Student: 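Here's a structure for you.
Computed from heavy atoms alone, side chains included, the values below leave out hydrogens, waters and symmetry copies. Source: prediction; values computed, not measured. Order of appearance sets the numbers: ligands from 1, and atoms from 1 within every ligand. Count residues from 1 along the sequence.
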Amino acid sequence: MRLQEPPCEKQRGEERLIDLSQVEQHLNSVIERDGCAHMTLIDPASQSPEKAGEIAAAAVAGGTDAIMVGGSTGAAGNVLDQTVLAIKEKTDVPVILFPGNAGGVSAHADAVFFMSLLNSRDVNYITTNQAMGAPLVYQYGIEPISMAYLIVEPGGTVGWVGDARLIPRKKPELAVAYALAGKYLGMHFVYLEAGSGADSPIPPEMIGAVKKTIGDTKLIVGGGIRDGEAASICAAAGADIIVTGTAVEDASDVKGKIEEFVSGIKK
Ligand code: 1GP
């Protein structure tokens, strides 16, 4: 395959309020300003693209800082493209891909969490999907944001699909070891994932131990965060970014639900 030159400048979205070629910098500025950022995860398999656009617009109105798009199953191809386009039409915050595999790359997004599932047993989720997807990221000119992805018990669907050797909830030292390995491998973000819909979020002791060790490397925490209090506990423990998906999908008042999360985590 012959690689094409990446576009120097994206042609789309000229009316955007922020420089979306620097999504990572945007996230860092929000963390610096507010102490913690909030990202809303939208799974393209869970609703129509139109509905995804409406949810994203309400989430932005509630104060979310970025929209993540992805899922472990059924989040590729046309449904992914249409979902990203619908979200971009209705919002002005960065849209960041959260791919389950190489199929989770869309040309219409602003950035992609270029992630390796470090505690997987399957090389496909550590480097192979990354190699298969990298030429598309290059060709589309999407900003790659390097991330160590670590799955903690119970792990849910993504733990099963990614064949993760789940980090036990009571072993923060194992999470610290993997997070540090990610930092030393050059990754800018570490994501502690309990699995979408987990009964409870990542334990605060684990969040605190990881953050204390990785220092400036940014810590994302997600999975099972259902209310403002849970989000607040994760932020106070050391999370730089909180991700919520299921609670937003289930909310009858998305804007109100996001306001609850945001008021729990921001200075
Ligand atoms: C899943 O961590 C995210 O990858 C979000 O989890 O759906 O439980 O909010 P929830």
Student: Is it the case that more than 12 heavy atoms not belonging to Glu173 sit under 6.0 Å from its CD atom?
Tutor: yes
Student: Could you list the atoms of ligand 1 found under 4.0 angstrom from a heavy atom of Phe98?
Tutor: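 Within the 4.0 Å cut-off of Phe98, ligand 1 contributes 4 (O).
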Student: Within ligand 1, which atoms have a heavy atom of Gly245 less than 4.0 Å away?
Tutor: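 Within the 4.0 Å cut-off of Gly245, ligand 1 contributes 5 (C), 7 (O), 9 (O), 10 (P).
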Student: Give the minimum heavy-atom separation between Pro44 and Leu80, together with the two atoms involved.
Tutor: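 So the minimum-distance heavy-atom pair works out to CG-CD1, 3.9 Å.
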Student: As an exercise, identify every atom of ligand 1 less than 4.0 angstrom from a heavy atom of Glu193.
Tutor: 1 (C), 2 (O), 3 (C), 4 (O)
Student: Which atom pair, heavy atoms only, marks the closest approach of Ser116 to Ile126?
Tutor: OG-O, 2.8 Å
Student: Just jot down the ligand 1 atoms closer than 4.0 angstrom to any heavy atom of Gly223, in number order.
Tutor: 2 (O), 3 (C), 5 (C), 6 (O), 8 (O)
Student: Taking all atoms of both residues into account, what is the closest heavy-atom pair of Lys183 and Asp216, and its distance?
Tutor: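 Closest heavy-atom pair between Lys183 and Asp216: NZ-N, 4.3 Å.
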Student: Show the atoms of ligand 1 that are less than 4.0 angstrom away from any heavy atom in Thr244.
Tutor: 9 (O)
Student: Tell me the nearest of Thr246, Val221, Leu41 to atom 7 (O) of ligand 1, using heavy-atom distances.
Tutor: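 Residue with the shortest heavy-atom distance to the ligand atom: Thr246.
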Student: Give the atoms of ligand 1, by number and element, whose distance to some non-hydrogen atom of Gly197 is under 4.0 Å.
Tutor: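 In order of number, 7 (O), 8 (O), 10 (P).
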Student: Of Ile55, Asp253, Thr64, which meets side-chain contact (heavy atoms from CB on, under 4.5 Å) against Ile258?
Tutor: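 So, applying the side-chain contact (heavy atoms from CB on, under 4.5 Å) to Ile258 and each of Ile55, Asp253, Thr64, only Thr64 qualifies.
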Student: What protein heavy atom sits nearest atom 3 (C) of ligand 1, and how far off is it?
Tutor: Tyr191 OH, 3.3 Å
Student: Which heavy atom in Ala148 sits nearest to a heavy atom in Leu118, and how many Å separate them?
Tutor: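 Between these two residues, the closest heavy atoms are CB-CD1, 3.7 Å.
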Student: Please list, in number order, the atoms of ligand 1 under 4.0 Å from a heavy atom of Gly222.
Tutor: 2 (O)
Student: Taking ring-ring contact (aromatic ring centres under 6.0 Å, His included) as the criterion, tell me which of Phe113, Phe114, Phe98 meets it with Tyr149.
Tutor: Phe98
Student: Applying a strict 4.0 Å limit to heavy atoms, is Gly224 in contact with ligand 1?
Tutor: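 Gly224: in contact with ligand 1 (<4.0 Å).
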